[in-house]
Each structure stands twice: as structure tokens, then as C-alpha cells.
Amino acid sequence: MPRRPLAPWKEQFTFLESAEREFYALPVEVQDTFIETFPQFVRHPTWATADLDVAPLRDRAGRWRLKVEGGHRGIYRIAHGRPDFEIFQSRDEVYQRIRRYLISRQQ
């Protein structure tokens with residue numbers, strides 16, 4: 001049976017298909033780190049604590065990032081009161097993607 005650690009969380013969060021593919025492409029250790037963070041995250045998806053590193057993105061209004069140990073991020077927005085994940089990548093990959101998006105919007 002394939003490992004699908006997001007399955008239990010789909011009642012709490014939504015995931016773009018591309019974000020789900022990106023999540024499963026992450027190393028298993030990084031996936032596990034996100035999964036370990038989710039119980040606290042689901043309670044307060046927009047509140048940073050000593051154990052939860054969330055913050056709004058500066059360049060994208062309405063978007064937030066969940067950062068886990070090792071530098072990976074989940075980018076999400078709150079839709080209908082629930083986190084809606086759009087991207088799971090490393091810090092550099094996330095910000096390169098956001099820059100490309102912002103540049104494309106200016107043209």
C-alpha cells in the first residue's frame with residue numbers, strides 16, 4: 001500500500017493537486033516534519049508560536065507560509081476558514097517561483 005500521510009489531513013486542509021504532488025516529492029523526513037507540525041498548525045494556522053513558524057508572505061497578499069525544520073515551506077491561503085496549500089518546496093524554490101509569478105503579472 002502506498003504511503004499517503006496527507007490522507008488524514010484532507011478533512012482539515014485542502015491541497016492543490018500540484019501542491020500534493022510537490023509534498024509527495026519531498027524527502028520522507030521532510031514529509032514527516034510537516035506531518036508532525038500539522039496538529040498544532042490546524043489549531044492556529046495564522047499564529048506563530050515557539051513551536052510553529054508561520055508568517056504572512058510579504059509579496060503576496062493573503063498568502064502565508066508554514067516553515068519547518070530544514071528550510072522547507074508550505075505556502076497556503078485561508079479559504080472558507082481552512083488552510084488551502086498551494087506550494088510545498090524549499091525556501092529557494094518557493095521564492096524563485098513567487099518572483100517569476102510577480103514578474104509575469106507586470107508584463
Is the positively charged end of Arg43 above the ring of Phe38, judged by distance under 6.0 angstrom from the centroid and angle within 45° of the axis?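 Not flagged: Arg43 not positioned over aromatic ring of Phe38.
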
Side-chain touch [X]/[Y], heavy atoms, less than 4.5 angstrom:
X: Ile78; Y: Pro45; value: yes
X: His44; Y: Thr49; value: no
X: Gln89; Y: Glu22; value: yes
X: Trp47; Y: Leu52; value: no
X: Val54; Y: Lys67; value: no

Evaluate Gln40 against Asp51 for side-chain contact (heavy atoms from CB on, under 4.5 Å), listing each step before the verdict. CA-CA 8 Å; Gln40 185 172 359; Asp51 299 325; 3.3 Å; yes

side-chain contact (heavy atoms from CB on, under 4.5 Å), paired with Ile35, selected from Val30, Leu6, Val68: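 Checked Val30, Leu6, Val68 against Ile35; only one passes side-chain contact (heavy atoms from CB on, under 4.5 Å): Leu6.
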
Please report the C-alpha distance between Tyr76 and Phe13 in whole Å, then the side-chain angles of each, then the deciding distance to 0.1 Å, and finally whether the ring pair (Phe, Tyr, Trp, His ring centres under 6.0 Å) criterion is met. CA-CA 10 Å; Tyr76 63 98; Phe13 317 135; 8.4 Å; no

When rounded to the nearest 0.5 angstrom, what distance separates CZ in Phe41 from CG in Asp53?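 Spacing of CZ (Phe41) from CG (Asp53) equals 11.5 Å.
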
How far does CG of Leu66 sit from CD1 of Ile75, to the nearest 0.5 angstrom? 9.0 Å

Where do Phe88 and Ala19 come nearest, in terms of heavy atoms and distance? CD1-O, 3.4 Å

Answer yes or no: does atom CD of Glu69 have more than 12 heavy-atom neighbours from other residues, nucleotides or ligands under 6.0 Å? no

Checking ring pair (Phe, Tyr, Trp, His ring centres under 6.0 Å) for the pair Phe15/Phe23: CA distance, chi angles, key distance, verdict? CA-CA 10 Å; Phe15 301 88; Phe23 180 86; 7.2 Å; no

Run the salt-bridge test on Lys10 and Glu20 with the 4.0 Å N-O cut-off and return the result as yes or no.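 Salt bridge: yes.
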
If you apply the rule ring pair (Phe, Tyr, Trp, His ring centres under 6.0 Å), what do you find for Phe34 with Phe85, and how did you get there? CA-CA 12 Å; Phe34 273 109; Phe85 280 97; 7.3 Å; no

Identify, with sequence neighbours excluded, every residue that meets side chain to side chain contact (heavy atoms under 4.5 Å, CB included) alongside Pro56. Trp64

Candidate list Arg77, Arg21, Arg73, Arg65, test salt bridge (charged side-chain N to carboxylate O under 4.0 Å, His left out), partner Glu86, passing option: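 Looking at Arg77, Arg21, Arg73, Arg65, the match for Glu86 under the salt bridge (charged side-chain N to carboxylate O under 4.0 Å, His left out) is Arg77.
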
